[in-house]
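Please read the structure below before turning to the comments.
Below, all heavy atoms of this structure are taken into account, side chains as well, without hydrogens, waters or symmetry copies.
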Amino acid sequence: MLIQILGIIVLLMALRTLFAQDRSERMLYLNAMSFGIAGLMALYIQTPFGAIIAITYFIASTISSNAIAYSIGRVKNEIILDE
Amino acid sequence: MNEIIAIIIAAVLSWINFVLIDTWMGLPEQPGVRGADVIGRSVKRRGGDLAGGFFQGNIVCSPDASAGTLLASAACYTIGTPEGGLIAAVLVYFGNRLCADPGYAGTTGALSITCIIFAASYIGIGPADFIVGMVLAIVTIQGLHHPLASKLLGRIAEKMGRHTKLT
Amino acid sequence: MIIHANVLITILSYILAIVSVMVVGLLLRIPILPERPMRYSFTISIIFPTSVLAIGFTAILFKLGYNGMLVAVVVGVLTAIFAKYFLESLLPKPLTEESS
Amino acid sequence: MYPFLDLITLTTVSVGVLLIGTAGIILLKKPMDKVIMFALLQGGFIGLIVSAKYLDVAVAAAVFDPISTVIMLIAITKLDEIRKKKIKSQEDGFFA
């Protein structure tokens, strides 16, 4: 029951990340999905190492979110060379 | 049916916990890092409140009391009730300093949710319910509708005297 | 509710760890409180983060199997020395702002 | 009672997140959007490793993920500066 609720939330947040309009809106949905995955891993592995891996994953994903949000401010509208 | 009521009570408890501690520690006042500034101004441009935008941006850019609540309840579920919260507080402090944040909000949130879990285990709400409840609480802030959530957070910040002075 | 004797001994060990880290920290002249506005300062003080580190390390050692009050006192002394001399270089203060 | 609820486990959720991340990397145009979807794909990847219970591999993957993201961000920022500088110098050359 608990795992099913978390799984539905994670899939919903991933779909909203794909179909979002703005770029910083995507960051907020991505953070909510990362919360869900950390809780899901702690519920699936029921040993003390499960808590360690959940903490490690969450802090690492926060560091990468920090770097992405910092460089969103620097790269305003980038030039793409298609065709 | 009994399980759903437990999850709802846990969600309400963890929502009150992390919103009050984050507002008291001054998250809506100023953006700690530069990425939070970008996200806050983007939320304001879409019709929200600036203080609530800074709140959401600070949650994205460094593990604050919301992360402390989730990780402490996960550690209490897998390790044991008093010890897991204390271990999670230390690890959240190191992670907070890696993200250039003082780290007061994360450790305070982890320690207070440990006390709440220890008290709630006598009425039959386990730590596993608090994990699901915390994810439901963060979805109401970050996942449903950003301008409405930021207006609510801005009103709470104004009531506690922590509204931003930037424009 | 029934409180066993083991629970009392565990709570007493945590309190002992906090007391020992406070005594050694006062001897080593760590400041007691960070300066005002307290929520934005990076100063290492006794209340935060040294006490939190002390009870966290005590909990890690308890879960690894080393029980007893003597462990708590030794961990408190070692944590105070660690926070005074090594924590500043392990986690440096961030630069004032990105000036770019 | 609800037979489709039994299908939702950590394995299927991680595979779904991986597929969504792959579709996002292919469909979206701008490089920064591609990096955001890459961060989403990393979450699904670590979840898939954990569901097979290779926990040590999962810790190593979780530690090395921000490093790869930071390296890609440095490359994107540098490339963008070079392209903007090139366009500016071309305009100056035409008008001067």
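- T69(D) places a side-chain heavy atom less than 4.5 Å from the side chain of Q42(D).
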Taking it one step at a time, do T77(D) and S71(A) satisfy side-chain hydrogen bond (donor to acceptor under 3.5 Å, both in side chains)?
-> CA-CA 7 Å; T77(D) 312; S71(A) 61; 5.1 Å; no
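- Interface residue M32(D): backbone and side-chain heavy atoms are both found under 4.5 Å from chain A.
- Contact annotation for M27(A): only side-chain heavy atoms (C-beta onward) come within less than 4.5 Å of a heavy atom of chain D.
- Ranked by heavy-atom pairs under 4.5 Å with chain D, the first of I45(A), T62(A), L6(A), I59(A) is I45(A).
- Among V17(D), L55(D), T9(D), the residue with the largest count of heavy-atom pairs under 4.5 Å with chain A is L55(D).
- Between chain A and the options V35(D), V63(D), D33(D), I74(D), heavy-atom pairs under 4.5 Å are most frequent for D33(D).
- Panel note: side chain Q4(A), backbone L5(D); a donor-acceptor pair is recorded below 3.5 Å.
- Looking at I52(A), neither its backbone nor its side chain comes within 4.5 Å of chain D, counting heavy atoms on both sides.
- Interface remark: L79(D) contributes no atoms to any contact with chain A (heavy atom separation under 4.5 Å).
- Contact annotation for I37(A): only side-chain heavy atoms (C-beta onward) come within less than 4.5 Å of a heavy atom of chain D.
- Paired with Y57(A) under the rule side chain to side chain contact (heavy atoms under 4.5 Å, CB included), one option of V59(D), I46(D), V50(D) passes, and it is I46(D).
- When heavy atoms are compared at a cutoff of 4.5 Å, L73(D) approaches chain A solely by way of its side chain, counted from C-beta outward.
- Residues I8(D) and I3(A) form no side-chain contact, since every pair of their non-hydrogen atoms from C-beta on lies 4.5 Å or further apart.
- Contact annotation for I72(A): both backbone and side-chain heavy atoms come within less than 4.5 Å of a heavy atom of chain D.
- Proximity to chain D involves both the backbone and the side chain of L18(A), based on heavy atoms less than 4.5 angstrom apart.
- With contacts defined as side-chain heavy-atom distances shorter than 4.5 Å, the pair I36(D)/L40(D) does not qualify.
- Ranked by heavy-atom pairs under 4.5 Å with chain A, the list G24(D), A39(D), S51(D), A58(D) is led by S51(D).
- For the pair L7(D)/T12(D), no side-chain contact is recorded, criterion being any heavy-atom separation below 4.5 Å from C-beta on.
- For the pair R26(A) and L28(D), the minimum side-chain heavy-atom distance is below 4.5 Å.
- Neither the backbone nor the side chain of D65(D) comes within less than 4.5 Å of any heavy atom in chain A.
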